[in-house]
**Q** 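I have a structure here, written as structure tokens, and I will follow up with some questions on it.
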Amino acid sequence: MEKNKPDYYNNLDKIYSKIWELLQHGFRKKDSPFHLPVFICGNNDKLDGRIVVLRGVEESAKKLWFHSDIRSNKIKIIKSHPKSSLLFYDRDKKIQLRIGGNSKINYRNDTTDISWKKTIHMSRQCYLGNKAPGSLSDIPTSGLTENIDNFKYTIEESEIGFNNFCVVEFYIKSIEWLYLAAKGHRRAFFNLHKEQIEKKWLIP
Ligand SMILES: Cc1cc2nc3c(=O)[nH]c(=O)nc-3n(C[C@H](O)[C@H](O)[C@H](O)COP(=O)(O)O)c2cc1C
């Protein structure tokens, strides 16, 4: 291998493996740049992106997932327009991923049961507001009571948050890879068909 060039530089198979390695790392490590992708969805009039926390990665099912509040605007959009994308960038590794796919909302089912049970006391705070995220307010507020703001609730009291909790599974259809390198950028595209993965180079 040429000096300073990673082994995946000119190898589509290795890039594809690297993508899953980076996603797994992003899911497991809070300080990884891949831990906080931008999730983009929209309808015919408006597209919007927002940061989410990567909560799971499953290569065999070609899916990723994150948690959200069922009352949030993005959930309303996904219901009618499941086509969406996730954007990742690792500044140190100089790797960008643009992942396209379909989002599926899980609410009050086995998937949400499993995820909710793993959700720690502190994280449950997000689901304990009385009003929907994005609601108008006359005053500046977190939307939480003082006790909830100060984490003064028991794990039993936090169970009510399950009513607002959902898991968005994102089924990957395509991945575009961009690797920035002084010696020449590399761009690749992967179509994730049911039975096989189509891999091709693009001009960066
Ligand atoms: C660091 C960070 C992590 C976030 N994680 C999530 C998340 O995992 N799920 C989520 O729904 N919103 C998360 N948010 C909030 C969203 O970015 C967004 O503000 C919120 O979901 C409302 O978006 P919507 O009105 O488009 O539904 C996070 C924001 C930041 C800054």
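Values in this document were obtained by computation on a predicted structure and should not be read as measured data. Whatever order the structure lists ligands and atoms in, that order sets their numbers, starting from 1.
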**Q** Could you check if a side-chain atom of Lys14 sits within less than 4.5 angstrom of a side-chain atom of Asp7, using non-hydrogen atoms only?
**A**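 Of all side-chain heavy-atom pairs linking Asp7 with Lys14, at least one is under 4.5 Å.
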**Q** Just so I know, are the side chains of Glu159 and Thr154 near enough to count as touching, which here means a heavy-atom distance under 4.5 Å?
**A**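 They are not in contact (no side-chain heavy atoms under 4.5 Å apart), so the answer is no.
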**Q** For ligand 1, list all ligand N or O to protein N or O distances below 3.5 Å, rounded to 0.1 Å.
**A**
{"unit_1": "ligand 1", "atom_1": "8 (O)", "unit_2": "Val53", "atom_2": "N", "d": "2.9"}
{"unit_1": "ligand 1", "atom_1": "9 (N)", "unit_2": "His67", "atom_2": "O", "d": "2.8"}
{"unit_1": "ligand 1", "atom_1": "11 (O)", "unit_2": "Ser68", "atom_2": "OG", "d": "2.7"}
{"unit_1": "ligand 1", "atom_1": "11 (O)", "unit_2": "Lys74", "atom_2": "NZ", "d": "3.1"}
{"unit_1": "ligand 1", "atom_1": "14 (N)", "unit_2": "Ile51", "atom_2": "O", "d": "3.2"}
{"unit_1": "ligand 1", "atom_1": "17 (O)", "unit_2": "Ile51", "atom_2": "N", "d": "3.4"}
{"unit_1": "ligand 1", "atom_1": "17 (O)", "unit_2": "Ile51", "atom_2": "O", "d": "2.8"}
{"unit_1": "ligand 1", "atom_1": "21 (O)", "unit_2": "Lys74", "atom_2": "NZ", "d": "2.7"}
{"unit_1": "ligand 1", "atom_1": "26 (O)", "unit_2": "Arg50", "atom_2": "NE", "d": "2.8"}
{"unit_1": "ligand 1", "atom_1": "26 (O)", "unit_2": "Arg50", "atom_2": "NH2", "d": "2.8"}
{"unit_1": "ligand 1", "atom_1": "27 (O)", "unit_2": "Asn73", "atom_2": "N", "d": "3.4"}
{"unit_1": "ligand 1", "atom_1": "27 (O)", "unit_2": "Lys74", "atom_2": "N", "d": "3.0"}
{"unit_1": "ligand 1", "atom_1": "27 (O)", "unit_2": "Lys74", "atom_2": "NZ", "d": "2.9"}

**Q** Given 3.5 Å as the limit, does a donor-acceptor pair link the side chain of Tyr153 with the main chain of His121, or not?
**A**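 Indeed, once roles are kept as given, a pair shorter than 3.5 Å links the two residues.
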**Q** Between Val168 and Trp65, is there a side-chain heavy-atom distance shorter than 4.5 Å?
**A**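 No, their side chains stay 4.5 Å or more apart.
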**Q** For Ser84, check side chain to side chain donor-acceptor pair (under 3.5 Å) against everything at least two apart and list the hits.
**A**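 Checked Ser84 against side chain to side chain donor-acceptor pair (under 3.5 Å); matches are Ser103.
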**Q** Tell me the closest heavy-atom pair linking Glu169 and Tyr171, and the distance in Å.
**A**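 The pair with the smallest heavy-atom distance is OE1-OH, 3.4 Å.
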